[in-house]
Amino acid sequence: EVSGVLVPVGLAFERDIPAQGLEGSIALAQRGTITFEEKVRRAAAAGAIGVVVYNNTPGSFGGTLGTASSIPVIGIAQEDGRRLEQLISAGRVEATLTVAVDVRASRNVIAEKPGPGPEVVVLGGHYDTVAGVPGATDNGAGIAVLLTIAQELQDQPLPFGLRIIAFGSEELGLKGSRFYLDALSAEERRQLVAMLNFDALGSGRIIQVLGSSQLSGRVSVIAAGADIEAMRVGEIQGATSDHASFDRFLIPNIMFASDDFSRIHTPDDNLDIVDPRFLGEAAALGIALLEIPEFWLR
């Protein structure tokens, strides 16, 4: 619990920090453009004892920091943030900021189909969601695709091992996938030839494919031959998922997602908005990619 004067810092760029610093103050920052982690790190370096981030669209939001913060941080609704700025413009505003930490256990659920050699392809998707959200597209849909692929390939011989992982705590900063990789030995990580991730599927107009150019390029060829509309993208602004954890170890990876993120992390992310077509197409593309043995073997 900390108490201090609220000081607006805009988007919390370096130019937004007051010249006199923020010593003993609570920074009021707007969400957007740069990560929450960068906003908090810059405010703390200037002496802030806490940070309040208000949403850049109507309503509240859920967010995570990439690393633990040394000062308390909370998120509030856009209308509350703007009201605070109005109060500050009229005079000094003091606030008390209280944050409680709740530590809970998380698990990764792993199923393995051994192969004839040491090579392993990982299929992944996270099974957690954010508080108060049904999580149908993010990421019940991804787990449904994982289970479908597992069922389709359970009796099919493959020239590599298949490891299907439902990751925990993705929404808290990719913690499940990071823990999984950190727990492997260097030799075990070298055996991972690729990772296919399924996340935020089910709503929109088209499937998006992002990640390693070799993998996404091959998926584009497969999609064109199967009359599936899939678009290669470099990144999804403001979003990441468990495939990014594999980047740290230079393991080729790819993510399948649909192109509508408007209801993710909201109570509207329910079964009513899920289009089964996207799930079927993502499963079909993933299976077709896995069925090209010469593409995987080193």
Side-chain angles (χ1 to χ4, degrees), residues 106-128 138-201 207-219 222 235-236 239-257 279 282-298:
S106 179
R107 299 287 186 272
N108 292 329
V109 183
I110 304 175
E112 183 127 16
K113 177 181 170 65
E119 294 88 0
V120 174
V121 175
V122 173
L123 306 183
H126 70 92
Y127 66 86
D128 62 317
D138 183 23
N139 187 37
I143 294 299
V145 173
L146 281 184
L147 294 174
T148 299
I149 294 176
Q151 184 177 37
E152 290 295 315
L153 297 180
Q154 62 179 333
D155 297 322
Q156 182 172 328
L158 297 169
F160 47 80
L162 201 59
R163 193 168 297 156
I164 298 177
I165 308 178
F167 292 110
S169 298
E170 187 267 358
E171 299 288 6
L172 297 178
L174 315 184
K175 291 185 181 294
S177 52
R178 288 184 178 184
F179 176 87
Y180 168 74
L181 287 162
D182 289 340
L184 298 179
S185 67
E187 177 57 30
E188 288 172 326
R189 286 194 292 267
R190 280 193 290 270
Q191 293 171 358
L192 304 182
V193 295
M195 188 272 190
L196 278 62
N197 188 41
F198 301 88
D199 194 359
L201 284 158
I207 287 182
Q208 299 182 114
V209 184
L210 67 156
S212 306
S213 58
Q214 187 180 20
L215 294 178
S216 60
R218 182 55 65 98
V219 169
I222 294 171
E235 63 178 347
I236 298 176
T240 187
S241 186
D242 289 306
H243 64 288
S245 297
F246 290 75
D247 271 337
R248 291 190 299 144
F249 298 101
L250 304 181
I251 298 168
N253 60 81
I254 192 172
M255 173 177 162
F256 295 85
L279 280 63
L285 292 173
I287 291 170
L289 187 61
L290 293 169
E291 289 177 335
I292 309 174
E294 66 275 12
F295 189 61
W296 299 102
L297 297 181
R298 292 166 173 167

For A186, side chain to side chain contact (heavy atoms under 4.5 Å, CB included) partners two or more places apart: R189, R190
Exceeds 12 heavy-atom contacts within 6.0 angstrom, atom CD of Q151: no
Quick one: closest heavy-atom pair of S241 and E170, and the distance? CA-OE2, 3.4 Å
Apply side-chain contact (heavy atoms from CB on, under 4.5 Å) to F249 and L184, showing your working. CA-CA 11 Å; F249 298 101; L184 298 179; over 6 Å; no
Taking only residues two or more places apart in sequence, or in another chain, which ones meet A283 in a side chain to side chain contact (heavy atoms under 4.5 Å, CB included)? V145, T148, I149
Between S245 and L174, the two heavy atoms sitting closest are OG-CB, 3.7 Å
What pairs with R248 under salt bridge (charged side-chain N to carboxylate O under 4.0 Å, His left out), at least two apart in sequence or on another chain? D182
Test item: L123 and L290 side chains (from C-beta on) under 4.5 Å apart, heavy atoms: yes
Please list all pairs meeting salt bridge (charged side-chain N to carboxylate O under 4.0 Å, His left out) that have one or both residues in residues 155-169, counting only residues at least two apart or in different chains. E112-R163
Apply side-chain contact (heavy atoms from CB on, under 4.5 Å) to the pair I251 and L181, showing each step before the final yes or no. CA-CA 11 Å; I251 298 168; L181 287 162; 4.1 Å; yes
Where do E171 and D138 come nearest, in terms of heavy atoms and distance? OE2-OD2, 3.1 Å
Using side-chain hydrogen bond (donor to acceptor under 3.5 Å, both in side chains) as the criterion, list what pairs up with S106, not counting sequence neighbours. S169
Going by the rule side-chain hydrogen bond (donor to acceptor under 3.5 Å, both in side chains), which residues pair with S212 if we only count those two or more places apart in sequence or in a different chain? none
Taking all non-hydrogen atoms of both residues into account, name the closest pair between D242 and S177 and its distance. OD1-OG, 2.6 Å
Using every non-hydrogen atom in the two residues, find where L146 and I165 come nearest and quote the distance to one decimal. CD1-O, 3.7 Å
Taking side-chain hydrogen bond (donor to acceptor under 3.5 Å, both in side chains) as the definition, give me every residue that meets it alongside D128, ordered by chain and number, with sequence neighbours left out. H126
Rounded to the nearest 0.5 Å, what separates atom CG in L192 from atom CG in N253? 11.5 Å
List in chain and number order the residues that pass ring pair (Phe, Tyr, Trp, His ring centres under 6.0 Å) with F167, two or more places apart in sequence or in another chain; answer none if no residue qualifies. none
Show me the pairs that pass ring-ring contact (aromatic ring centres under 6.0 Å, His included) and involve residues 173-198, at least two apart or across chains. F198-F256
Under 3.5 Å, side chain of N139 to main-chain N/O of A200, donor-acceptor pair present? yes
Under the rule for side chain to side chain contact (heavy atoms under 4.5 Å, CB included), what residues qualify as partners of A288, not counting sequence neighbours? I222
Under a 4.5 Å cut-off applied to non-hydrogen side-chain atoms, are L210 and H243 in contact? yes
N108 (side chain) donor-acceptor with G168 (main chain) under 3.5 angstrom: yes
Determine the minimum heavy-atom distance between I143 and G125, stating which atoms define it. CD1-O, 3.7 Å
Expected output: side-chain K113 to main-chain A150 donor-acceptor under 3.5 Å: no
Mind jotting down which residue pairs meet the salt bridge (charged side-chain N to carboxylate O under 4.0 Å, His left out) criterion with at least one end in residues 191-200? Sequence neighbours excluded, please. none
Go through the structure and list residues passing side-chain hydrogen bond (donor to acceptor under 3.5 Å, both in side chains) with E188, not counting sequence neighbours. S185
CD/Q214 to CD1/I254 distance, rounded to the nearest 0.5 angstrom? 10.5 Å
